[in-house]
Amino acid sequence: MKYQSQQVAYAYFVAAMALFAVQVLGGLTIGWVYVQPNFLAEIFPFHIIRMVHTNALIVWLLLGFFGAAYYMVPEEAEREIWSTKLAYLQLAIMIIGTLGAVIGYGFKVHGGREFLEQPLWVRFGILVAAVIFLINISMTVLAGRKTAITGVLLMGLWLLSLLWIFSFINPDNLSLDKMYWWFIVHLWVEGTWELVMASILAFLLLKLTGVDREVIEKWLYVIVATALFTGILGTGHHFFWIGLPGYWQWIGSIFGALEIVPFFLMMSFAFVMVWKGRRNHPNKAALLWSLGSATIAFFGAGVWGVLHNMHGVNFYSHGTQITAAHGHLAFYGAYVAINLAIITYAMPLLRRREPYNQVLNMASFWLMTGGMAFMTFTLTFAGVIQTHMQRVLGYYYMEVQDELVLFYVMRFIAGSSVVLGALLFIYSIMVVRKREIIDAGPANPAPTTSETVAGE
Amino acid sequence: MAEFLTKSRARNIFYGGSIFFVVIFIALTVHSHRYIVTTSTAGMPLSEAVAHGKEVWERNSCINCHTLHGEGAYFAPELGNVMTRWGVMDDPEGAYEILDAWIEAQPSGIEGRRQMPYFELSEEDKRGLAEFLRWADQTDTQGWPPNDAG
């Protein structure tokens, strides 16, 4: 850590990890409700816990992105953050809003647009926090060195904050409501968040592999170009069956299928940089998460997305467990894993230590990734059966669900592994054990401090 | 990567191309907005009852168990075509009565069955919800879902 103000990232990462625990425990609970439907049915019904599960996920990923930006931008801009006070104020607003929303959900105070259930004052608070963040980060970048990494990161964060304005637009017409709802949901996760992910990945590869900045940043522009060229019109793959014109079936099928390209490029980028790299960085766990994130994102967002993207297929599979399978692996690979990568990289530096607990951390990677992969297979098979029975043969929904119990049991087991991995990760990051420190290795060792990289 | 693609060229392609696709997307959005209002949802007036029903739908977070036009949680049945499934698509009074009976019968309390909670709704709420679901059902969704099972 070269700049004092990078320290604010620590508070963001701690808050993110707390919500991460809430998110996976909520998920495990509703995974159990699928197996034992009467569980908590009176006190905390399914829909309440699901709101906690999804909302906690979204907020902690955003907190992770904010933390990542506060960590990366000073090193990239070669400046202290414009105002650390504002950064902490922003975090306080986010935490108060989140606590307010979650406690409110327990008392059945919520909206009902999926993922945007936060009460108006919380959504407004998020907007205020985003504005504070954008001012703070933009002032820092404008005063300092401008790199492609900060440029792309800032563009992603500006655009995602602007899109949040659509959370205040809720037309009475359901089809209009749905169309503008996707302006947030799709253009976040299949557009602007990819910009954030790619820039974090580029930053990590720059530090971990020591490849020349020119090479890294050229890749970065190519990746984010393909992300937006495909992702913007790819929104059309959500417009097939909600009352929009038929032409979206072709636009969405073609551009939606091409959305795999940026994920393929990110995966290739990560591996090619590691092969080309001359460095032997001591933080092996951060490298594992970086490569893992790009790879799982390719399968979860890319392959599992294309699987049911084409309108001829989606006509049958839309809104089944196949969608759930895709959603879980995509979010895990692309956004959970990239957050855990930057946290794994930055935490030792923020605490001024050699990378610690790497074996535990890497074990948590395999527990979470293995669990998530198994969950995805399970839900995919359940979804195929559901699609055939319900959409082709015409059996009613609940008749079909009764046939899927075995898959839901296996999903719960897979989910337990994910939760175990998540808790192990949090432990390995928060609690420093004296016993376990790994040497960088003899070939081209890199310093553990974040000094300027050769080639800059 | 090939030598002709320098960093600044890659950057210009990124910015230029993104603006190009944003412009196309906005044009198609404007057209789609008009198409929704004038064509695909025009089969039934968007009455006060429908708008109220949408509020009831949201206040009770129905979307976090059910799907509507295939979007939502996958824990409970699709409701975009529920009025067709119940055979009351063209019968507002029948739609209200069957929905009222359903809501008042929850939760079933049957062991091993998924439980729909009891939601305390006024008659106005339930009439609105029935109208909202009839309104959603009449939307032209390009033939989806494939059958009445939803």
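The basis for the numbers below is simple: all heavy atoms, side chains too, and nothing from hydrogens, waters or symmetry mates. In this text, all values refer to a predicted model and were calculated from it rather than measured experimentally. In what follows, every chain begins at residue 1, and chains take the letters A, B, ... in the order their sequences are listed.
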Taking the side chain as every heavy atom from C-beta outward, state whether A:Y221 and B:K7 have any pair of such atoms under 4.5 Å apart. yes
For a 4.5 angstrom cut-off between non-hydrogen side-chain atoms, does B:F75 reach A:I30? no
Using the side chain to side chain donor-acceptor pair (under 3.5 Å) rule, take A:N170 and B:E58 through it: C-alpha gap first, then chi angles, then the decisive distance, then the call. CA-CA 11 Å; A:N170 182 11; B:E58 290 172 4; 3.1 Å; yes
Is B:F132 in contact with chain A via its backbone, its side chain, both, or neither, using a 4.5 Å heavy-atom distance? side chain
Cut-off 4.5 Å, heavy atoms of chain A, and the answer for B:P77 is both
Pick from A:F115, A:Y395, A:F239, A:F183: which one has the most heavy-atom pairs with chain B under 4.5 Å? A:F183
Looking only at atom types and distance, does a side-chain atom of B:H31 sit under 3.5 Å from a main-chain N or O of A:P245, one as donor and one as acceptor? no
Validation row: B:L28, A:W248 side chains within 4.5 angstrom (heavy atoms): yes
Can you tell me which portion of B:T39 sits under 4.5 Å from chain A's heavy atoms? Options are side chain, backbone, both or neither. neither
Please classify the contact between A:V392 and chain B as side chain, backbone, both or neither, with a heavy-atom cut-off of under 4.5 Å. backbone
Check: B:F14 and A:L195 side chains under 4.5 Å, non-hydrogen atoms: yes
Are side-chain heavy atoms of B:T139 and A:K178 found at a separation under 4.5 Å? no
Is any side-chain heavy atom of A:Y180 closer than 4.5 Å to one of B:H33? yes
Tell me every residue that passes salt bridge (Lys or Arg N to Asp or Glu O under 4.0 Å) with B:E124, counting only those two or more places apart in sequence or in another chain. none
Do you know the tightest heavy-atom contact between B:A73 and A:F46? CB-CE2, 4.3 Å
So what's closer than 4.5 Å to chain B heavy atoms on A:I48: side chain, backbone, both or neither? neither
A:Y397 (side chain) donor-acceptor with B:A76 (main chain) under 3.5 angstrom: yes
For the aromatic rings, using the six-membered ring if either is Trp, is the centroid distance between B:F119 and A:H47 under 6.0 Å? yes
Would you confirm whether B:N147, through its side chain, and A:R391, through its main-chain N or O, come within 3.5 Å as a donor-acceptor pair? yes
Validation row: B:N64, A:E117 side chains within 4.5 angstrom (heavy atoms): yes
Just so I know, are the side chains of A:K218 and B:R9 near enough to count as touching, which here means a heavy-atom distance under 4.5 Å? no
Check: B:S61 main-chain N/O paired with A:E114 side-chain donor or acceptor under 3.5 Å: no
With a 4.5 angstrom heavy-atom cut-off, could you sort out which part of A:Q386 is near chain B: side chain, backbone, both or neither? neither
